Structure formats: structure tokens, C-alpha cells
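First up is the structure itself, then whatever we jot down about it.
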Protein chains: 2
Amino acid sequence: MHRFSKKVSMTVVKRLPKYYQYLTDLLLNDIEKISSKELASLMGLTASQIRQDLNSFGGYGQQGYGYNVLELREAIKEILGLDSDYTCIIIGSGNMGHAIANYERFKREGVMLIGAFDVDPLRVGTVVGNVVVKHMDELEGFVKNHDIDICILCVPRGVGQQVAKTVTDLGIKGILNFSPLDLDVPDDVVVENVNITDSLFTLTYLLKEVTDPE
Amino acid sequence: MHRFSKKVSMTVVKRLPKYYQYLTDLLLNDIEKISSKELASLMGLTASQIRQDLNSFGGYGQQGYGYNVLELREAIKEILGLDSDYTCIIIGSGNMGHAIANYERFKREGVMLIGAFDVDPLRVGTVVGNVVVKHMDELEGFVKNHDIDICILCVPRGVGQQVAKTVTDLGIKGILNFSPLDLDVPDDVVVENVNITDSLFTLTYLLKEVTDPE
DNA sequence: TAGATTGTTAATCGATTAACAATC
DNA sequence: TAGATTGTTAATCGATTAACAATC
């Protein structure tokens, strides 16, 4: 059982949240143990893949038995960094900002919304999630006083890069980016893109594939 | 120059919307031609990768010159199926439903929102995008009368699978799924998932990587 | 024509699958 | 113990990179 992982590939990382979700569901259904084979059929992966994936982090299973759901879930929770709490702010309090602010799951996993910002005077002062929207002018002061881990970016495409520069200059290291553009950020900043336009276009492509006679 | 493509891998398909986006931007900046090398540095890919990708669809380039931006963009637009129009409905008119309904880009690319549905009586009758929210009871009749291409699913996790079954039973072949669960659908239905929770957890993982001393 | 850059083949790299010894 | 299932190595498959002849 090796403790320390060689560099884990992005392919594996992207599957971790799925493992976490499925294990959480199993736990809620009082399932105590699961084999790589069972989990594979549940998740649409192969048993080999699962054993390879999990073993890149450590030996969480037991020969002849399988994996203990509770233990494995805890391990993946920790790997995902969900044993810590995070502070976050939302920039852009339009519908997308509101949608995200109301995701109960974020808070439940320790990601706390503590601020929201917008340039639109009509939105400043309104409530999003459980915070009052402040004007962007107050961003700098706020970030300097609060040690923010994550910025959830929900601004229009046209201003996305500029806002990203502002927040990274202020020292924020993580961006969950809903603005439909690729951000240029320093090396020590991580960005996770949620590009809805790209998803729609992937769908229209696939739709052609299943619909057309070809 | 071969016209008909062997099966294109999902890896390539997922890059197509990005090509489309970058080419659209280039066109707006009046750039007429681009080489694989230039496009690669713009998009963060390699020139080889780009030439391989584009060649799986056909020979769009010209030796010694590069690619004509307008022509290549048109080609990819067509490959993505964006030369056709699509009708779509939104199910679930919460904040996420509203956010999507207001994406101007969808309409601009020919994806027309023609209906929205919700179970909440307080939401029925309100306006989302440019349509009035109907009760879910009216879904069946509506879909039977309108030939819907795409369902944008913005309902809570708990009812996602059930609603997915309803719409696929009604013959809808494409689902853009914002509900944070994996849907089980027939083989001739395509689903594109936008799983915001998964994205957040990927971000917390990456955040640990850049922040920790290790 | 000479220079540039594609299309395409071959080489490399990485991810998935298969197989099985280790072991609970 | 015998059966089951992991951890891990080896084989296969697929995607990326490199290289270069074709050609604009």
C-alpha cells in the first residue's frame, strides 16, 4: 500500500467528483461495501479502470472483500480537498450568479459564499444567496480583508478577462469560470471552466449523429 | 482531400466548439487566414493536433497558405450542426432555467426556446426568456404539437431521472442536462451534462495542488 | 521558382484493458 | 481453508507529437 502518489493525470482527476457522488449515494442507501466490479457497472466504467484510479492514491480496498463505502468516500473527500472549508465570492449577480448562489450543495461541502459583486447599480444592494450584492468598487477592499479562496465568475464574455486579472492580482487562486471564454491567468492560479455554449454545440453535433440517416 | 470521415473520437468532438469560438473571434477581428501554428498558439494546442483534428473531417487547408478563417469557420459550423435550426424547451424555471433562457448566443446560433415548464404553481405564468412558463401537465400536449429537438433540463436532482424518462418517451432526442446526476436514457438519445458540482470539486482538488507546499 | 505550410505517415506517449499473483 | 477480489504488471489501444513529402 503506497501512500504517496506519482502525478495524477487530469483524466483521473475529472473522474474523482463522480466517484465521490456515487459513493455518497451508496452511503445514503446504507450500502456498506462495494467491489470494483459493482461500482464499475454503476458508473459505466470498467473494474480495471476503477482499481487503477483508486490505486494512484493508495490502497483503499481489501482483497476478497472490495471497498468499504464509508472509508473510500472519506478518502476521496479528502483527496478532493473537501475536508477543508473554502470562502468564495460571486462576481456578476445575474441569473447565473443567482443560480450558483442557491446551490445548497456548495455550502454543504464547505464552500461558503461570503460576498457578491456587480457593476450594475440596479443589482447592488439586492440579495443573492445569503449575501448582499456590493459594487465592484468595493471588491478590492473586501478581498484584502477576507482571504478568499474561490471566485465564481459569472460576468459577460466581454469583461471576463479583465475581471479575471483583477481577482488574480488580488491573490485569489481559484476561479470557477462561467463566462464563455478561456481565461489567461498566472501559473499558480487554477481555473475550471463551465462553458455552456460549448456544451450546447457538442450536443447539436451529437444530435446530428443520432438523428441523421448517414 | 477526403470527404467522408471515419468515426471521429469524442476527444476531437469536444474541441470542435472551441475551434468554432476562436474562428468566430478571428473573423470578428477581420483576420482572413491562419496557419495551424498560429491557431495552436492561440488555443493552447499543437499545430499537429490541429491538422490532425481538421483532417478527420476534410482538407480545409491549403499548403503554403494555411486555413481561410471564413471557410473553416463555415465548415465547422456545419460539422457542429449549427447550419440547422433547433427548437428547445426548458424544464425547471428556477434561476438556472432563467440563466439559460437569457443566453443570447443560443438564439443567435439557431437554438430557439419555444417553451418552458415547471411544477411550481408560483412559477407557472411567469416569463422566462421570451416564453411563458407552463405547468408540467401541459408538457405532453405541447411536445406532441411542436416537434422539439432539445430539452434543457434544470430540475432538482431528485426528479431528474423521472423527467428525463418523460421527455425521451415523448421522442425528444437531445438533453442538455444541468441536473447534477447521470441520466439513463435510450441509445438513440444524446445527453450533454453540465455538472457544476463536479466542476467545483475538480477546482478544489486543483486548488490543493497549487496551494499546498507538498 | 523558393518558401511556407498543409496532409499524412510513422514514432511516441499515455490511458485503458487484460491477466494473475497476492491476500483477505 | 476456499472463494473472492484487490493491487499491480503486461498487453493493447488510442491520442498526441514528430517528421517530411506533397503542393500551393
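Residue numbering restarts at 1 for every chain, and letters A, B, ... go by the order of the sequence lines. Everything numeric here is computed off the predicted structure, so don't read it as measured data.
- Taking atom NZ of A:K37 as the reference point, atom C1' of C:dA19 lies 15 Å away to the nearest angstrom.
- Inter-residue side-chain proximity for A:V12 and A:F57 is flagged as met; some heavy-atom pair is nearer than 4.5 Å.
- The listed nucleotides are C:dT6, D:dT8, C:dT16; the one nearest the side chain of B:Y67 is C:dT6.
- For A:I50 and D:dT5, the CD1 to C1' distance is 13 Å, given to the nearest whole Å.
- Of the possible donor and acceptor atoms, one in the side chain of B:Q161 sits under 3.5 Å from a partner among the backbone N and O of B:D184.
- When rounded to the nearest whole Å, the span between CZ of A:R51 and P of C:dA19 equals 12 Å.
- In this entry the distance linking CD of B:E71 with C1' of C:dT6 reads 14 Å, nearest Å.
- For C:dT5, the base has no donor-acceptor partner in the side chain of B:E38 [N/O atoms by modelled type, under 3.5 angstrom].
- Under 3.5 Å, the side chains of B:Q21 and B:T24 contain no donor-acceptor pair of N or O atoms.
- Relative to the side chain of B:K33, the nucleotides D:dT5, C:dA15, C:dT5 differ in distance, and C:dT5 lies closest.
- Relative to the ring axis of B:Y67, B:K33 does not place its NZ or CZ within 45° and under 6.0 Å from the centre.
- Close to C:dA15, at under 4.0 Å from its OP1 or OP2, lies no side-chain N or O of A:R15.
- With hydrogens and angles ignored, the 3.5 Å screen pairs a side-chain donor or acceptor of B:D118 with a backbone N or O of B:S93.
- Regarding B:K7, its NZ atom lies at a distance of 13 Å from the C1' atom of D:dG14, rounded to whole Å.
- Using a cutoff of 4.0 Å between basic side-chain nitrogens and carboxylate oxygens, B:D149 and B:K173 are not scored as salt-bridged.
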Bracket notation of DNA chain C in which parentheses pair within the strand, [ ] cross earlier pairs, and | pairs with another strand (Watson-Crick or G-U, under 3.5 Å):
..||||||||||||||||||||||
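- Listed nucleotides: C:dA19, D:dC24, C:dC24. Nearest to the side chain of B:Q62: D:dC24.
- Cation-pi geometry between B:K77 and B:Y20 is not satisfied (NZ or CZ under 6.0 Å from the ring centre, within 45° of the ring normal).
- Distances were taken from every side-chain heavy atom of B:Q49 (C-beta onward) to each of C:dT5, C:dG7, D:dT17; the shortest belongs to D:dT17.
- A:S9 has no side-chain polar atom (N or O) that falls below the 4.0 Å cut-off from OP1 or OP2 of C:dG14.
- A donor-acceptor contact under 3.5 Å is formed by the side chain of A:S48 with the base of C:dA18.
- Rounded to whole angstrom, the span from the OH atom of B:Y65 across to the C1' atom of D:dC24 amounts to 12 Å.
- Taking the side chain of B:T46 as heavy atoms from C-beta on, and the options C:dT5, D:dT17, C:dG7, the nearest nucleotide is D:dT17.
- In terms of polar N and O atoms assigned as donor or acceptor, the side chain of A:Q52 comes within less than 3.5 Å of the base of D:dT9 in a complementary pairing.
- Counting only heavy atoms from C-beta on, B:Q63 has its side chain closest to D:dT23 among D:dT23, C:dT17, D:dG7.
- Rounded to a whole Å, the OH atom of A:Y60 is 20 Å from the C1' atom of C:dT23.
- Rounded to an integer number of Å, the gap from CG of A:L54 to P of D:dT5 is 16 Å.
- Under the 3.5 Å distance criterion, with hydrogens and angles disregarded, a donor-acceptor pair is assigned to the side chains of B:D53 and B:Y19.
- Within the 4.0 angstrom heavy-atom criterion, only backbone atoms of the sugar-phosphate kind lie near B:T11; the bases stay farther away.
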